[in-house]
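Note sheet for the following structure.
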Amino acid sequence: MTKVLFYIILDVMKIDKSLINTLREDPKEAESRSHRILLRGGFIKQLASGVHTYLPLGWRVILRISNIIREELDRIGGQEMLMPAIAPKEIWQESGRWDEYGDDMFRLKDRKGRDYCLCPTHEEIVADIARTTVRSYRDLPQIWYQIQTKFRDELRPRFGVIRSRQFIMKDSYSLDQDPAGLDHSFELHRQAYTRIFKRCGLDFEVVNASGGLMGAGESKEFIAIVDIGEAQVVSCNKCDYRANIEAAVGVGVTELFNDEALAEVHTPGKKTVIEVSDFLKVSRKNLIKSIFFTAPDKKSILILLRGDYDINENIIKNIFGFSYRAASSEEIIRFFGAEPGYIGPYGKEGFDIHADDLLKGTKGMITGANKNEYHIKGLNIDRDIKVNKYLNLRYVKQADHCPNCDGELNIKNGLELGHIFKLGTKYSISLNAAFLDEYGERKPIVMGSYGIGLERIMACACEQKGDDKGTAWPVSIAPYELYLLVLNPSENDVKELADKWNAELIANQFRVLLDDRDISAGIKFNDSELLGIPIRLIVSPKAVKQGRFEVLTRESGELLEIERNDVIKKCCQIREELYRKLNE
RNA sequence: CGGGGCGUGGCGCAGAUGGCUAGCGCACCAGCUUGGGGUGCUGGGGGUCGCCCGUUCAAAUCGGGUCGCCCCGACCA
């Protein structure tokens with residue numbers, strides 16, 4: 001059995017001496033299954049929106065998760081350290097993220113009025129360490145990691161511990177001399193993450209992702225498929241194509257309409273695609289949406305999209321730059337002389353037009369006339385407007401076609417557990433973290449950044465393994481492995497046997513939760529199920545008399561009656577089997 | 001930030017046409033009881049009704065403000 005580093009954990013806990021405090025009723029704020037179980041079971045306690053205490057039971061789960069992560073990161077050569085949770089403004093200004101991060105960053109001032117933040121992530125700090133400690137290509141590659149509290153002032157914390165403002169993250173950073181080295185470090189992380197989530201007993205998928213604010217390099221997410229997931233995963237029903245919807249590329253079908261002359265149509269009060277298509281009794285596919293983007297100091301762009309698709313703004317930002325935003329109503333009115341809903345590509349200049357590739361060659365389309373209460377019909381894209389580029393700019397829809405084969409794409413909800421990506425030289429250049437290569441040439445370090453949300457693993461286990469009664473921890477992350485449930489502990493022979501077995505189980509490296517409380521049986525049964533301890537052994541007067549003992553495996557529900565002399569051996573076997581299954 | 005909801009012992013809730021010691025269930029403490037699925041009984045402890053201001057002889061209850069929390073959406077590493 002693995003021991004947790006730095007912490008001494010008693011392998012037995014009497015439940016009535018512990019802080020374990022289960023609730024009979026669901027706390028009213030809990031909506032998701034994991035939130036309900038974690039609160040009711042006394043694993044966590046909320047202090048403020050998105051801020052939680054991990055009570056002893058929950059903390060044991062977190063510690064066991066961290067331990068698995070440590071083992072797997074150490075295995076790929078990671079070196080654990082601990083960086084500060086607060087950092088001065090200056091270092092964040094060097095990368096530009098003091099401004100880019102916006103309101104998601106918790107900020108504070110010290111007594112002298114100097115600005116600090118509570119770090120939402122640590123690329124800048126790593127680059128700062130690297131620029132003074134890494135000098136030569138001989139110092140590379142490196143993998144550094146920490147398990148640390150992160151702070152993000154989320155607009156809307158949700159689902160208890162799943163989207164919170166203070167959370168524990170394992171973040172690691174790779175430093176390499178060149179892109180090939182980065183590829184290798186990235187692959188090592190991909191393997192380590194796969195082992196970590198498997199060992200934690202979770203069902204997950206590895207999908208292509210988009211980098212967002214972190215940079216545009218390759219990135220993959222490890223996503224658990226659960227209903228409450230905030231991410232959407234696109235997957236092909238025929239091949240192994242998997243992508244976050246933010247990064248997914250679907251193949252759609254171009255729809256052709258009759259060519260006809262341009263004409264204005266009166267569309268009073270009809271602004272949205274649905275309103276206009278209903279009003280004119282045409283398919284949504286016959287409409288073109290026009291979305292106007294502006295950026296300071298850059299040429300504005302007008303994006304055209306077929307009416308039945310939504311725009312993926314990530315693509316706009318990745319292709320054209322992060323400073324682009326969808327224009328405000330005021331900007332639109334100023335530029336087009338019409339309200340949003342009535343604007344279009346025809347007859348206006350001063351911006352570039354980029355169109356979704358499903359619009360290529362389309363004729364007879366309907367779009368805004370740049371005049372309030374009017375649209376135009378009969379737009380022939382090649383004849384009437386000048387499109388700079390055709391690009392895939394849309395979100396995938398259910399049943400779009402796969403980019404890699406002839407399969408169909410499905411969309412499911414998922415929860416992001418981990419994310420790995422290739423940063424490249426973004427931070428090393430801006431923070432001047434460089435090394436001398438073997439020819440004496442100064443080069444920026446090539447970085448990668450890799451995160452795992454520890455609480456999300458805990459919550460996800462509850463979502464995936466739990467039921468109406470409570471959770472069913474995978475044995476590898478369970479706070480205790482065996483629930484020793486004692487009925488009528490006041491009877492001497494019962495108590496003696498329970499104590500004897502308790503000692504034997506501990507001798508066999510079991511983490512035992514001993515429930516010999518002098519309360520009614522039902523409470524103990526219900527608690528054992530709510531707390532989700534993998535194996536339950538019952539010692540009762542009846543069982544002592546008959547010499548046969550009940551052993552329940554929580555997750556499978558398998559119930560065994562075991563002869564007295566075989567009980568400890570059987571418990572060991574069940575535990576081994578549970579661990580074995582995780583490594584399959 | 002837009003929409004909706006909620007703040008009354010640790011948890012879940014009732015009380016709201018202003019009115020007299022603010023209730024119930026669970027949990028907690030003491031005792032008895034029961035003893036394989038939240039047992040029964042008795043006796044206890046615990047709440048300035050989120051906060052502020054106002055109206056009133058009188059405010060948990062009415063009015064205004066404010067803070068917090070939850071849900072839906074928008075936003076986003």
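A, B, ... follow the sequence lines: proteins, then strands. Residue 1 opens every chain.
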Could you please name the partner base of B/rC69, counting Watson-Crick and G-U wobble pairs only when both distances are under 3.5 Å?
B/rG5
For A/Phe222, ring-ring contact (aromatic ring centres under 6.0 Å, His included) partners two or more places apart:
A/Tyr193, A/Phe197
Can you name the atoms? Protein N/O to nucleotides 4-7 of chain B N/O, anything below 3.5 Å, with the distance.
residue : atom : partner : partner atom : Å
B/rC6   : O2'  : A/Lys28 : NZ           : 2.9

Not counting sequence neighbours, which residues clear side chain to side chain donor-acceptor pair (under 3.5 Å) with A/Lys542? List them please.
none
Could you check which nucleotide pairs with B/rC28 in any of the strands shown, counting Watson-Crick or G-U wobble with both distances under 3.5 Å?
B/rG44
By the definition side chain to side chain donor-acceptor pair (under 3.5 Å), identify the one residue from A/Arg456, A/Lys465, A/Glu455, A/Glu463 that meets it with A/Ser34.
A/Glu463
A/Arg158 side-chain proximity, nearest of B/rC75, B/rC76, B/rG12:
B/rC75
Could you list the residues that satisfy side chain to side chain donor-acceptor pair (under 3.5 Å) with A/Lys298, not counting sequence neighbours?
none
Determine the Euclidean distance between corresponding C1' atoms of B/rA27 and B/rG68; express it in Å to zero decimal places.
25 Å
Gap in Å between the two P atoms, one belonging to B/rA59 and one to B/rA22, rounded
13 Å
Between A/Tyr450 and A/Phe186, what is the ring plane arrangement, given parallel below 30°, perpendicular above 60°, and tilted in between?
tilted
Per A/Leu155 side chain, nearest of listed nucleotides B/rG38, B/rG25, B/rA74:
B/rA74
Quantified in whole Å, what is the P atom distance between nucleotide B/rU61 and nucleotide B/rG9?
15 Å
Distance only, no hydrogens: is a donor on one side chain within 3.5 Å (strictly under) of an acceptor on the other, for A/His189 and A/Ser172?
yes
Those residues of residues 34-54 of chain A lying under 4.0 Å from RNA chain B by at least one heavy atom
A/Arg40, A/Gln46, A/Ala48, A/Ser49
Footprint string (nucleotides 32-37 of chain B, 5' to 3'): B base within contact, S backbone only, - free, heavy atoms under 4.0 Å
---BBB
